[in-house]
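One structure is given here, and the rest of the page talks about it.
Hydrogens, waters and symmetry mates play no part in the numbers below; they use all other heavy atoms, side chains included. From a predicted model like this one, the values you see are computed outputs, not experimental measurements.
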Amino acid sequence: MELQFFFFFFFFFSFFPFQYPIIGVLIYCFFTIHIFESFLVLVFSVFLLQGQLSILQEKIDHLERLLAENNEIISNIRDSVINLSESVKDGQRNPEAINFSQGSLSELLPSASVVLAIDSEDCLFASKSRSRVSGVQMLDVYDILPFDNPDGGVWKQGFDITYNENEWDGEPLQVFVVPHSHNDPGWLKTFGDYFRDQTQHILNNMVIKLQEDNRRKFVWSEISYFSKWWDGIDSQKKDAVKRLIKDGQFEIVTGGWVMPDEASAHYFALIDQLIEGHQWLERNLGVKPKSGWAVDPFGHSPTMAYLLKRTGFSNMLIQRIHYSVKKHFASQKTLEFFWRQNWDLGSSTDILCHMMPFYSYDIPHTCGPDPKICCQFDFKRLPGGRVSCPWRVPPEAIHAGNIQHRAWMILDQYRKKSKLFRTKVLLAPLGDDFRYTESSEWDQQYQNYQKLFDYMNSHPELHVKAQFGTLSDYFEALRKESNLGEKSTNSFFPVLSGDFFTYADRDHHYWSGYFTSRPFYKRLDRVLESYLRSAEILYSLALVQSSKSGKMNIFPSVDHYKLLTEARRNLGLFQHHDAITGTSKDWVVVDYGTRLFHSLINVKKVIIDSTHILILKDKDAYNYDASNQFLKMDDAQTSQDSLPHKTVIKLTSQPRYLLIYNPVEQERFSVVSVNVNSPRVTLLSPLGKSVAIQISAIWDGATTVSHEAYQISFLAHLPPLGLGVYQLLEAQSSEADLADYTIYTSGRNNMQVKPNNIFKIKEMQNSADNIILENSYMKLWFSGMSGLLEVKDGKNHQMKVEFAWYGTTSNRDKSGAYLFLPDGDAKPYIFTDPPTVRVTHGRIFSEVVCFFPHVTHTMRLYKIRGLEGQSLEVSNIVDIRGEYNRELAMRISSDINSQNSQVVTSKAHLLPYIGLFQ
């Protein structure tokens, strides 16, 4: 469908009359309904009404010649033209097809076709028995686990493991030791500082040390670091890397720009950082990763498994899972399984997954169940080094005098670990954070382990074959051992559905604190995502248009491509599991925020310059001037840690042009709000018709109206990937309605409502009487004392909103960036005096705003049909900087009983957060 969209988009602009500079505003609209046909209806109806039927027919004929294979679509277009032509001749038009307001409220409303229909097949999986979908359903596992933490012996969170020494007589144990170095792209240091101090040395040593012995192996994950290193090395070293990859000594695992968080990140950014890494690998190394490697994200999502499967992966590895789940899976020998999506009634989403069984991915917790023993085989901790074993038993360098005993020690751990799995193929990672920085560690690890391997492999009575390996080496051996083809599944491994949240590494240390840590930067991430999508689409269209019009030498395509690439990489970097989570040090967060902020500025520039060439009818008039921007944006942000503010549009009797862009491939009806400098305002649609608007006050605080700016709101209708051009004039309009206000005060909070000669403002005392908002879908009751929602009656559902405080434990470990460790149940958010409550009643929307000491809480109800009218918009501005070890949460209670039914939610709706924590 993309080709047709492009043609219709350009066709749309071929009729635009603009041949002069425009100063306007771009507003970004997002929608989720799939309505392709309505795009055609809008475009053709707009121009047919302007008497362009003959030109339109010529354009359609041209489309037929270009798109011969799309006869059915072209036929539909012809039918639309004929029908609309007859309507015009008869002096009739369809207001719902055009959908620009003509004054009455009903005409503001979108047609019923845009209301999201619910298909009974959409949630077909919910009616199916879980047992038919998968063998292991995580919801069932969570129900049966006691989540206790008894002492398991040397494996503290597990159990004692025993084995029979003759178990491997018939088939030897295959051990793959996989050296790795986990490099966080920012955490305690910034990305740049880590690279300078550690990462570049790891990779430089990798090239040298792997070439010294072809039995050595190494895996790497983070392409953000690898690409930066690659850009600084010579061709000889690059050739060496390619040889190591070709020979199977060096493997790129996952190959994303980062190892992303799987809870806070939006799927758009997860895919984008994966594509960025894979495209870089294809261009520079000509390789495609085969297996996923995620040793440090704080819990694991089935969404990531699905994305990896769709990427073409067959295998993946995960590590940070609740210790009780690991213990349960180990006891059932289900640590390796096919991960299947809950909604998949077949097996098309299955991906083979290996769950690491122990506490961490460091060496003490990867060779076997006893970290005291395994630590003695981390040869970086040899006496005299900077790190040692916390169990106070140091490693010993391997030599002829101790090799027999040391080989038996580590083989015992390998055997015990293998008892947790179903095959005689064992994975033993060998690494930790920023390991192998120094050349000496490469020698210590590889030389001592090779001596152990040589000894064990030369003694057949041990029944073991040990070697260095890559992750793919392991999975290939595992699939061969279990008679499993690369693309097929069998009953040897269980099938699992569900997720692995919330993660806990010990006791009640649940890592749910990071879900809401640093929400400001989580929001900034989402904002850049939306702008980046818009910029990429407009840039692509502008590139084609500049080529067709002979303006390639003028349009700054190369420079803007670099800006888009940098923005994708900065956004990708922020998906790192210590970035978007908010778990990095303060100065590291500032570094991330600065990167996001600069990219936000750059993608806005790409949007402005791309729209410039697209909006002009006369492409010969296009001229690029970097010092004189063609458009201005409707919002501005002055620094990486500042809140954005709206641009105030200066109105005159001459029209100012407002450009609204829809970057998604669905038709969009949405309320748009902009700020202007005068309450005397007229808004004209792209057809030149007056549009119904709501004029609202801009407030300085809770009770004072600003006379510098006013907000206008209206219902915009945009086709898929379309631009709408509206006109703003300073003139009185019969279509403009002023909002009315009622402000409730306690009389004791020193709030005074100043009279206003523009808006009708009524002052009242807080009372027990309810405040009511309603539209055609729902009726809402708010407390007259607190202003908070108390009852919702649309389908006879009861609902209540309240705020609450959480404290933190008195123990050494407290709530923070990672953990949520409250001191008990939440305590009510108690206020001495009732808050000031400001109620807005308007034509487009009504809202209730509550001014509490720590939070400004807003609930808005739109008076339009469609999804926005069926939804309640909630926003909170929170300031708890004066609090210490306290967290503020918003709680929504309802009487809806889901009866344990599975509920599917989209990560796209995780923000804004219900709980806002400092």
Exercise for the section: Drop me the distance from D700's CG to H707's NE2, to the nearest 0.5 angstrom. Expected result: 9.0 Å

Practice task
Could you grab the distance from atom CD of E667 to atom CD of E665, nearest 0.5 Å is fine?
Solution key: 13.0 Å

Exercise for the section: Could you walk me through whether M859 and L872 pass side-chain contact (heavy atoms from CB on, under 4.5 Å), step by step? Expected result: CA-CA 7 Å; M859 279 203 167; L872 187 61; 3.6 Å; yes

Exercise for the section: Say whether E735 and S690, considering side chains only, have a donor N or O and an acceptor N or O under 3.5 Å apart. Expected result: no

Practice task
Examine F515 together with F820 and report whether their ring centres are nearer than 6.0 Å.
Solution key: no

Handout entry: Over all atoms of both residues, closest heavy-atom pair of T840 and L773
Key = O-CD2, 4.3 Å

Practice task
Output yes when a side-chain donor or acceptor of K646 lies under 3.5 Å from a complementary backbone atom of S673, and no otherwise.
Solution key: yes

Practice task
Could you tell me whether H509 and Y818 have their ring centroids closer than 6.0 angstrom?
Solution key: no

Practice task
Starting from the C-alpha separation in whole Å, work towards a yes-or-no answer on side-chain contact (heavy atoms from CB on, under 4.5 Å) for W511 and L819.
Solution key: CA-CA 5 Å; W511 292 39; L819 303 179; 3.3 Å; yes

Handout entry: pair P828-E802: side-chain heavy atoms closer than 4.5 Å
Key = no

Exercise for the section: Without swapping roles, check the side chain of N662 against the backbone of P719 for a donor-acceptor pair under 3.5 Å. Expected result: yes

Exercise for the section: Would you tell me whether S696 and Q694 have side-chain atoms, one donor and one acceptor, within less than 3.5 Å of each other? Expected result: yes

Exercise for the section: Look up atom NZ in K863 and atom CG in N775, then write down how far apart they are to the nearest 0.5 Å. Expected result: 8.0 Å

Fill in the blank from the handout: Sorted by chain and residue number, the salt bridge (Lys or Arg N to Asp or Glu O under 4.0 Å) partners of D823 (sequence neighbours excluded) come out as K827

Handout entry: Residues, nucleotides or ligands: over 12 heavy atoms within 6.0 Å of K800 NZ
Key = no

Exercise for the section: May I ask you to decide if S746's main-chain N or O and N766's side chain share a donor-acceptor pair within less than 3.5 Å? Expected result: yes

Handout entry: Expected output: side-chain T647 to main-chain M633 donor-acceptor under 3.5 Å
Key = yes

Problem - Y741 side-chain N/O to A697 backbone N/O, donor-acceptor pair under 3.5 Å - result: yes

Practice task
Would you indicate whether the side-chain heavy atoms of I864 and F669 approach each other to under 4.5 Å?
Solution key: no

Handout entry: Side-chain (K650) to main-chain (N677) donor-acceptor, under 3.5 angstrom
Key = no

Handout entry: Side chain to side chain, F714 and V672, heavy atoms closer than 4.5 Å
Key = yes

Practice task
Could you label the plane-to-plane angle of the F298 and Y514 rings as parallel, tilted or perpendicular, counting under 30° as parallel and over 60° as perpendicular?
Solution key: perpendicular

Exercise for the section: Can you see which heavy atom on A736 is nearest to which on V681, and at what distance? Expected result: CB-O, 4.1 Å

Practice task
Report yes or no: does Q137 contribute a side-chain atom to a donor-acceptor pair with the main-chain N or O of L139 at less than 3.5 Å?
Solution key: yes

Completion exercise
Here the pair of heavy atoms bringing A709 nearest to I698 is O-CG1, 3.4 Å

Exercise for the section: Any chance you could measure R838, atom CZ, to I771, atom CD1, to the nearest 0.5 Å? Expected result: 12.5 Å

Exercise for the section: Kindly indicate whether the side chain of L789, heavy atoms from C-beta on, has any atom under 4.5 Å from the side chain of M799. Expected result: yes

Handout entry: Any side-chain heavy-atom pair of F520 and L643 under 4.5 Å
Key = yes

Practice task
Please collect all side-chain hydrogen bond (donor to acceptor under 3.5 Å, both in side chains) contacts where either partner lies in residues 847-859, sequence neighbours excluded, each pair once.
Solution key: Y829-H854, E847-R860, H854-E883, H857-N876

Problem - For M778 against Q870, the heavy-atom pair lying closest together - result: CE-O, 3.3 Å

Practice task
Give the intermediate values and the outcome of side-chain contact (heavy atoms from CB on, under 4.5 Å) for residues I693 and I844.
Solution key: CA-CA 7 Å; I693 60 175; I844 305 296; over 6 Å; no

Exercise for the section: Could you tell me whether E708 atom CD has more than 12 heavy atoms of other residues or ligands within 6.0 Å of it? Expected result: no

Practice task
Indicate yes or no: at least one non-hydrogen side-chain atom of P644 is less than 4.5 angstrom from one of R523.
Solution key: yes

Handout entry: CA sep, side-chain torsions, deciding dist, call: L596, F574, side-chain contact (heavy atoms from CB on, under 4.5 Å)
Key = CA-CA 8 Å; L596 296 177; F574 193 68; 3.8 Å; yes

Problem - Separation of T516 OG1 from L888 CG (nearest 0.5 Å) - result: 11.0 Å

Exercise for the section: Please work out whether the ring planes of F852 and F831 are parallel, tilted or perpendicular, with thresholds of 30° and 60°. Expected result: tilted

Practice task
Can you see which heavy atom on I772 is nearest to which on K779, and at what distance?
Solution key: CG2-CE, 3.7 Å

Problem - L600 and L524, any side-chain heavy atoms less than 4.5 Å apart - result: yes

Exercise for the section: Run the numbers on T303 and E262 for side-chain hydrogen bond (donor to acceptor under 3.5 Å, both in side chains), then give the verdict. Expected result: CA-CA 8 Å; T303 298; E262 299 180 20; over 6 Å; no

Exercise for the section: Evaluate the ring planes of H508 and Y510, with Trp represented by its six-membered ring, and classify them as parallel (under 30°), tilted (30 to 60°) or perpendicular (over 60°). Expected result: parallel

Exercise for the section: Decide if the gap between the ring center of F759 and the ring center of W699 is smaller than 6.0 angstrom. Expected result: no

Problem - Donor-acceptor under 3.5 Å (R656 side chain, L651 main chain) - result: no

Handout entry: Test item: Y777 side-chain N/O and G866 main-chain N/O as donor-acceptor pair under 3.5 Å
Key = yes

Exercise for the section: Please check if the side chain of T808 supplies one atom and the backbone of S815 the other of a donor-acceptor pair under 3.5 Å. Expected result: yes

Completion exercise
When every non-hydrogen atom of A265 is compared with those of L270, the smallest separation belongs to CB-CD2, 3.8 Å

Handout entry: Nearest-0.5 Å distance, OG1 of residue T745 to CD of residue E763
Key = 4.5 Å

